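Every value quoted in this text rests on a predicted model; they were computed, and no experiment measured them. Chain identifiers are assigned alphabetically (A, B, ...) following the order of the sequence lines, protein sequences preceding nucleic acid strands; residue numbering begins at 1 within each chain.
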There are 2 protein chains.
Amino acid sequence: MNIKEAGKRANLPAKTIRYYEEVGLIRPLRDTNGYRAFRPQDVHKLGFLGRARALGFTIEDCRVLLSLYEDQSRASADVKEIAQRHLTQIAEKIAALKAMQDTLSHLVTCCHGDDRPDCPILADLAPPS
Amino acid sequence: MNIKEAGKRANLPAKTIRYYEEVGLIRPLRDTNGYRAFRPQDVHKLGFLGRARALGFTIEDCRVLLSLYEDQSRASADVKEIAQRHLTQIAEKIAALKAMQDTLSHLVTCCHGDDRPDCPILADLAPPS
DNA sequence: CATAGGGGTTCTAGTCACTGGAAGGTCAAG
DNA sequence: CTTGACCTTCCAGTGACTAGAACCCCTATG
């Protein structure tokens, strides 16, 4: 199976798949013409990677998760720990974004938004001189 | 005033200030020895930029916001529109992160996290084959 | 006067996970 | 035989810094 077909099945762009190979996440075989030859298990891995990336795991997390996935003697605790660390980071990002959102949405409701220059948004951005 | 002192007052690292000059957000004068010479209004601008960046505005947004800030004949509507667009993007990011959070936190609570291989997290990552 | 330290300068390269584009090889259909 | 859709590699760009190297400047002290 060529790269485009593999991408279609795993729902990933060909460019992304080439990148995943470059960073060593997958190792598809090669046809005699140099084309990548994807086996079903390669496509399966790609699907795994796509899902893990969609959940926000980094490439390095994906590398570890994939190796755990393929390790029949893994401990689920190892997987859980990675997921929990990731959850912590997600929570931090959400908190930071919410803080921005709170501040900004307040300022936006305060701003007339007309053709006059007075603007509480700019007033808030200005440092206390 | 040298760069470090300016950074202290605006609460920004010197490296960041040099970067802001490189992309044209500020234009400090130069001493005869080549050192950047920051005037109070430069520090004021840096404070503005620091605050705007802390609210998540992009550098390009900052550029426009700064020019509006310095334009006494601005229309507050222009400022408000930028802020509202940014708010929309923040909301999208929060929604995406929350979706990840929901999925992952559910999976994490389902995972025993012991030394056995069974793991609902990995099971969820695996594509339906 | 030499030197030590704490400033400053520029430049390059690295971060993260792709993404776009150029230049060129391969293959199946008409 | 040509067209067009594939495929390949390699290089550059994204955003907003950040680390580090190599070098210059200034002041204070022994």
Side-chain angles (χ1 to χ4, degrees), chain A residues 1-38 42-43 45-46 48-66 85-86 89-90 92-93 96-97 100, chain B residues 1-38 42-43 45-46 48-66 85-86 89-90 92-93 96-97 100:
Chain A
M1 184 187 330
N2 283 349
I3 196 168
K4 200 160 195 183
E5 178 62 22
K8 201 177 295 175
R9 297 201 196 178
N11 199 29
L12 287 174
K15 285 268 187 189
T16 300
I17 297 176
R18 289 197 194 95
Y19 174 72
Y20 288 170
E21 182 184 16
E22 191 190 323
V23 300
L25 285 176
I26 50 162
R27 301 188 185 284
L29 302 176
R30 295 285 179 144
D31 284 340
T32 49
N33 58 12
Y35 288 18
R36 290 170 183 81
F38 292 86
D42 295 320
V43 176
K45 273 198 199 185
L46 287 172
F48 182 96
L49 291 170
R51 183 109 177 92
R53 288 287 303 127
L55 285 178
F57 286 106
T58 65
I59 292 289
E60 289 316 306
D61 279 345
C62 288
R63 195 187 305 282
V64 178
L65 288 171
L66 198 52
R85 262 193 289 108
H86 184 39
Q89 295 195 335
I90 288 175
E92 284 169 1
K93 279 186 193 166
L97 285 168
M100 293 178 193
Chain B
M1 186 187 327
N2 284 349
I3 195 167
K4 198 156 196 185
E5 177 64 22
K8 200 176 296 174
R9 297 201 195 178
N11 199 30
L12 287 174
K15 285 269 188 192
T16 300
I17 297 177
R18 288 196 194 95
Y19 173 71
Y20 287 170
E21 182 184 14
E22 191 189 323
V23 299
L25 286 176
I26 49 161
R27 300 189 186 283
L29 301 177
R30 294 287 178 143
D31 283 341
T32 49
N33 58 11
Y35 287 17
R36 288 169 183 82
F38 292 85
D42 295 320
V43 176
K45 273 198 200 186
L46 287 172
F48 183 96
L49 292 170
R51 183 108 177 90
R53 288 288 303 128
L55 285 178
F57 286 106
T58 66
I59 291 289
E60 290 315 307
D61 279 346
C62 287
R63 195 188 304 281
V64 179
L65 288 172
L66 199 51
R85 263 193 288 109
H86 183 38
Q89 294 195 335
I90 288 175
E92 284 169 3
K93 280 187 192 165
L97 286 168
M100 295 178 192

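Taking a heavy-atom distance under 4.0 Å as the criterion, the stretch of DNA chain D touched by chain A extends 5' to 3' from D:dC6 to D:dT9. Protein chain B contacts DNA chain C from C:dG7 to C:dT10, reading 5' to 3' and using non-hydrogen atoms of the protein with a distance under 4.0 Å.
Side-chain contact between B:Leu49 and B:Thr16 is absent, with no heavy atoms from C-beta onward closer than 4.5 Å.
Summarising the geometry, atom CE belonging to A:Met1 is positioned 11.5 Å from atom CG belonging to A:Asp31; distances are rounded to the nearest 0.5 Å. Atoms CD1 and CD1, on B:Ile3 and B:Ile17 in that order, are 5.0 Å from each other to the nearest 0.5 Å. Rounded to the nearest 0.5 angstrom, B:Arg18 CZ and B:Ile26 CD1 are separated by 10.5 Å.
Each end of the helix from C:dC1-D:dG30 to C:dG30-D:dC1 gets its own rotation axis from five pairs of C1' atoms, and the angle between them is 30° to the nearest 10 degrees.
Within a 6.0 Å radius of CG in B:Asn11, no more than 12 heavy atoms belonging to other residues, nucleotides or ligands are found.
For A:Arg36, the salt bridge (Lys or Arg N to Asp or Glu O under 4.0 Å) partners are A:Glu21, not counting sequence neighbours. Residues passing the side-chain hydrogen bond (donor to acceptor under 3.5 Å, both in side chains) test with A:Arg27: none are found, sequence neighbours excluded. Listed by chain and number, the residues in a side-chain hydrogen bond (donor to acceptor under 3.5 Å, both in side chains) with B:Glu60 are B:Arg63 (sequence neighbours excluded). For B:Tyr35, there are no ring pair (Phe, Tyr, Trp, His ring centres under 6.0 Å) partners at least two apart in sequence or on another chain. Residues forming a ring pair (Phe, Tyr, Trp, His ring centres under 6.0 Å) with A:Phe48 (at least two apart in sequence, or on another chain): A:Tyr69. Partners of A:Asp42 according to the salt bridge (Lys or Arg N to Asp or Glu O under 4.0 Å) rule, which considers only residues two or more places apart in sequence or in another chain, are A:Arg39.
Checked by atom type and distance alone, the side chain of B:His86 pairs as donor or acceptor with a backbone atom of B:Leu55 at under 3.5 Å.
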Exercise for review: For side-chain contact (heavy atoms from CB on, under 4.5 Å), just list the numbers for B:Leu25 and B:Tyr19, CA-CA rounded to whole Å, side-chain angles, deciding distance to a tenth of an Å, and then say yes or no.
Suggested key: CA-CA 9 Å; B:Leu25 286 176; B:Tyr19 173 71; over 6 Å; no
**Study point:** Derivation of the side-chain contact (heavy atoms from CB on, under 4.5 Å) call for B:Asp61 and B:Val64
**Key:** CA-CA 5 Å; B:Asp61 279 346; B:Val64 179; 5.7 Å; no
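Sorted by residue number, the members of residues 5-33 of chain A with any non-hydrogen atom under 4.0 Å from DNA chain D read A:Arg18, A:Arg30. Non-hydrogen atoms lying under 4.0 Å from DNA chain C are contributed by nothing in residues 53-63 of chain B.
For residues 8-17 of chain A, the pairs satisfying salt bridge (Lys or Arg N to Asp or Glu O under 4.0 Å) are A:Glu5-A:Arg9, with sequence neighbours left out.
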